[in-house]
Amino acid sequence: YPTWKRTVARRARESQVKRFCRAQAIQRRLEEIEVTFRELEQQGIKLEKLLRAENESPADQQTQWTNQLLYLVQKKNNLMTEESDLMIAVQELKLEEQQCQLDQKLRSYMNKQATLKTPEDEKAEQEILKQLLAVVNKRNILIDMQEEKRLSEL
């Protein structure tokens, strides 16, 4: 088994482990965001009840509650933006995994000697190449979306 094949296989495994770790981190963060959403929702409900029920309270107290409510809304919007970014990252990880698998399949066909390739092998190689290009284009679209989003936020 040639050294370069072992190296390619090792690098593929390493990148797969990295993607798995990133996916786990993203999943943990999404769960944290969900918990924070619920907490913010509960705080918002309390503040809204206070604002509706306490018509006799001092104006500065109502202003303070309103400011707290607006702060909660801003915090929730920031979390929604982060959640959206994480969902894009999840899609990107899925596409990276697809690309890696297609790369390995394509490599196996390309490493075969041309004289040993059957017409079915050549057809399969072309199909994998088309799929690989589609995945790369999808990843490019995701990257463009992230860049547009980043620029619009600035």
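Hydrogens, waters and symmetry mates are skipped; everything else that's a heavy atom, side chains included, is used.
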[Y] side chain reached by [X] side chain, heavy atoms, under 4.5 Å:
{"X": "Lys46", "Y": "Gln43", "answer": "no"}
{"X": "Val136", "Y": "Gln99", "answer": "yes"}
{"X": "Gln74", "Y": "Asn78", "answer": "yes"}
{"X": "Arg22", "Y": "Glu96", "answer": "yes"}
{"X": "Met87", "Y": "Gln91", "answer": "no"}
{"X": "Glu39", "Y": "Gln42", "answer": "no"}

Can you name the closest pair of heavy atoms from [X] and [Y] and give their distance?
{"X": "Leu51", "Y": "Gln62", "value": "CD2-O, 3.6 Å"}
{"X": "Leu47", "Y": "Leu69", "value": "CD1-N, 3.7 Å"}
{"X": "Ile26", "Y": "Ala89", "value": "CD1-CB, 3.7 Å"}
{"X": "Lys117", "Y": "Lys112", "value": "CE-O, 3.5 Å"}
{"X": "Gln98", "Y": "Val135", "value": "OE1-CG2, 3.7 Å"}

Nearest-0.5 Å distance that lies between atom [atom1] in [X] and atom [atom2] in [Y]:
{"X": "Leu132", "Y": "Lys130", "atom1": "CG", "atom2": "NZ", "answer": "13.5 Å"}
{"X": "Ile88", "Y": "Met145", "atom1": "CD1", "atom2": "CE", "answer": "4.0 Å"}
{"X": "Arg150", "Y": "Asp85", "atom1": "CZ", "atom2": "CG", "answer": "11.5 Å"}
{"X": "Leu79", "Y": "Arg29", "atom1": "CG", "atom2": "CZ", "answer": "6.5 Å"}
{"X": "Leu86", "Y": "Thr81", "atom1": "CG", "atom2": "OG1", "answer": "11.0 Å"}
{"X": "Glu127", "Y": "Glu120", "atom1": "CD", "atom2": "CD", "answer": "14.0 Å"}

Which residue is it: Glu148, Glu153, Lys149, Glu147? I am looking for the one with a side chain to side chain contact (heavy atoms under 4.5 Å, CB included) to Leu151.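 Running side chain to side chain contact (heavy atoms under 4.5 Å, CB included) over Glu148, Glu153, Lys149, Glu147 with Leu151 returns exactly one hit, Glu147.
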May I ask whether [X] and [Y] are part of the same hydrophobic cluster, defined by side-chain heavy atoms of I, L, V, M, F, W, Y residues being less than 4.5 angstrom apart, directly or through others?
{"X": "Leu93", "Y": "Leu142", "result": "no"}
{"X": "Val73", "Y": "Met80", "result": "no"}
{"X": "Leu129", "Y": "Leu102", "result": "yes"}
{"X": "Leu95", "Y": "Val90", "result": "no"}

Before giving the answer on side-chain contact (heavy atoms from CB on, under 4.5 Å), spell out for Gln61 and Gln64 the whole-Å C-alpha distance, their side-chain angles and the decisive distance to 0.1 Å. CA-CA 5 Å; Gln61 180 69 39; Gln64 182 183 3; 3.9 Å; yes
Applying side-chain hydrogen bond (donor to acceptor under 3.5 Å, both in side chains) as the test, list every pair that has at least one member in residues 101-111; sequence neighbours left out.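 Matches after skipping sequence neighbours: Glu97-Gln101.
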Check for a donor-acceptor pair, side chain of Thr36 on one end and backbone N or O of Glu32 on the other, with a separation under 3.5 Å.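 It does hold such a pair.
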Using modelled atom types only, decide if a donor and an acceptor are shared between the side chain of Asn137 and the backbone of Leu133 within a distance under 3.5 Å.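 Yes, because the side chain of Asn137 sits within donor-acceptor range (under 3.5 Å) of the backbone of Leu133.
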Residues forming a salt bridge (charged side-chain N to carboxylate O under 4.0 Å, His left out) with Glu92, sequence neighbours excluded: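 Here no residue qualifies.
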